[in-house]
Amino acid sequence: MENQALIPNPTSQQGELKRDKDVRICLGIVFGLLLVAAVFHILKFVGEVTEEEQKRGPEITIPSMDFTVLNMTETRLSVKWDLLIRIPPKLPGFYVCLEGDFKVFIAYKGVTIATSPIQSYTLKPHWSKLLKVSLIASEGDMDGAIMKNIVEDIKARGEVRFGSELLFPDCRFGTTGKMNYACDEATLRFEPGSQRDATLVENHTKCAYQP
């Protein structure tokens, strides 16, 4: 009888092995479900971020803006802006058409005072590019009060602030309109003793897409 007690019971061992196997299978299923859920949430988050980025669009920057007073008297004012516009590598192709025309607008205290001629451009996918554009405005383009305020800024403060707006063709899927970019106000400061040439105070001006 004692020898029989020492002999392992095959049925009991098989039962334990089956339970272990069942536990491993259950753990594998639970782990698989957790993994699928995690991947789903990650893909959903990435999709939401991408969709939001598509709506917002990459920022355009203006690294350089020069302002030149061509003529200034009590009754006359003629000025010029020279801008350097940086197109980021994410913009060409997906957002903005690779070829087309664009326009630039200059505003003083929210009022547009200068519009550039239509400018042609050519871009490469995933490549940044600098676009140059110049605008000129005179007393005929500006309200008398605005002209007076600009002259006062130049003479009394030695600096003047302008806003700007960019208009590019929209090449996103399902769209046929324009991409309108509104830029932060830029501070243009004159050298001490000068009332002719002013340069951008900031490192660059940011332009954000306006849906």
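Atoms considered below: every heavy atom in the structure, side chains included; atoms not considered: hydrogens, waters and symmetry mates.
Without hydrogens or angle criteria, R161 side chain to T187 main chain gives no donor-acceptor distance under 3.5 Å. Under the 3.5 Å distance criterion, the side-chain polar atoms of T61 are left unmatched by any main-chain donor or acceptor of P63. A donor-acceptor pair is defined here as one N or O able to donate and one able to accept, closer than 3.5 Å; no such pair exists between the side chain of E202 and the backbone of L200.
Two different hydrophobic clusters hold L70 and I113 under the rule that ILVMFWY side chains link at heavy-atom gaps under 4.5 Å. Follow the hydrophobic side-chain contacts under 4.5 Å out from V133 and you never reach L84; the two are in separate clusters. Under the 4.5 Å side-chain heavy-atom criterion for Ile, Leu, Val, Met, Phe, Trp and Tyr, I150 and F105 are members of distinct hydrophobic clusters. Residues V111 and M142 fall within the same hydrophobic cluster, defined by Ile, Leu, Val, Met, Phe, Trp and Tyr side chains chained together at heavy-atom separations under 4.5 Å. Hydrophobic clustering keeps I60 apart from L167 (ILVMFWY residues linked when any side-chain heavy atoms are closer than 4.5 Å, directly or through intermediates).
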Practice task
Evaluate the criterion side chain to side chain contact (heavy atoms under 4.5 Å, CB included) for residue pair V151 and M72; output intermediate values, then yes/no.
Solution key: CA-CA 8 Å; V151 171; M72 181 172 61; 4.0 Å; yes
Exercise for the section: Carefully, step by step, assess N180 and E165 under the rule side chain to side chain contact (heavy atoms under 4.5 Å, CB included). Expected result: CA-CA 7 Å; N180 182 30; E165 190 175 321; 2.8 Å; yes
Practice task
For V96 and L123, run side chain to side chain contact (heavy atoms under 4.5 Å, CB included): C-alpha distance rounded to whole Å, both residues' side-chain angles, the deciding distance at 0.1 Å, then the answer.
Solution key: CA-CA 9 Å; V96 169; L123 303 174; 4.2 Å; yes
Practice task
Just do the side chain to side chain contact (heavy atoms under 4.5 Å, CB included) check on I87 and S128 with the steps written out, would you?
Solution key: CA-CA 5 Å; I87 304 298; S128 62; 5.9 Å; no
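Heavy atoms of other residues, nucleotides or ligands lying less than 6.0 angstrom from CD of Q195 number more than 12. Counting heavy-atom neighbours within 6.0 Å of E152 CD, excluding the residue itself, gives a total of 12 or less. No more than 12 heavy atoms of other residues, nucleotides or ligands sit less than 6.0 Å from atom CG of N203.
The OH atom of Y95 lies 13.0 Å from the SG atom of C171; values are rounded to the nearest 0.5 Å. Once rounded to the nearest 0.5 Å, the distance linking CG of D197 with CZ of F67 reads 10.0 Å. Put simply, CD on E185 and OG on S164 are 9.5 Å apart, with the number rounded to the nearest 0.5 Å. Considering CG of D184 and NE2 of H204, their distance stands at 9.0 Å, rounded to 0.5 Å. Distance CE/M147 to OG1/T75: 6.5 Å, rounded to 0.5 Å. How far OG1 of T115 is from NZ of K103: 6.0 Å, rounded to the nearest 0.5 Å.
E139 meets the salt bridge (charged side-chain N to carboxylate O under 4.0 Å, His left out) test with R76; sequence neighbours excluded. For D143, there are no salt bridge (charged side-chain N to carboxylate O under 4.0 Å, His left out) partners at least two apart in sequence or on another chain.
Annotation: side chain of F190 is in contact with side chain of I154 (closest heavy-atom distance under 4.5 Å). Put simply, the side chain of Y108 reaches to within 4.5 Å of the side chain of D153, judged on heavy atoms. A heavy-atom distance below 4.5 Å is not found between the side chains of P92 and P125. In this structure the side chain of D170 never reaches within 4.5 angstrom of the side chain of K178, judged on heavy atoms. Using a 4.5 Å heavy-atom threshold, the side chains of I85 and V104 count as touching. Contact check for L98 versus K124: no side-chain heavy atoms found under the 4.5 Å cut-off.
Taking each heavy atom of Y181 and P58 in turn, the nearest pair found is OH-O, 2.9 Å. Shortest non-hydrogen contact noted between E74 and K155 is OE2-NZ, 3.7 Å. In terms of heavy atoms, D141 sits closest to I136 at OD2-O, 4.3 Å. The two residues F162 and L188 come nearest to each other via the heavy atoms CD1-CD1, 3.6 Å. Taking every heavy atom of both residues into account, S116 and Q119 meet most closely at OG-CG, 4.4 Å. Of all heavy-atom pairs spanning R172 and F94, the tightest one is CG-O, 3.2 Å.
The aromatic ring centres of F168 and Y121 sit less than 6.0 Å apart.
Side-chain contact, D66 with T199: no donor N or O sits under 3.5 Å from an acceptor N or O.
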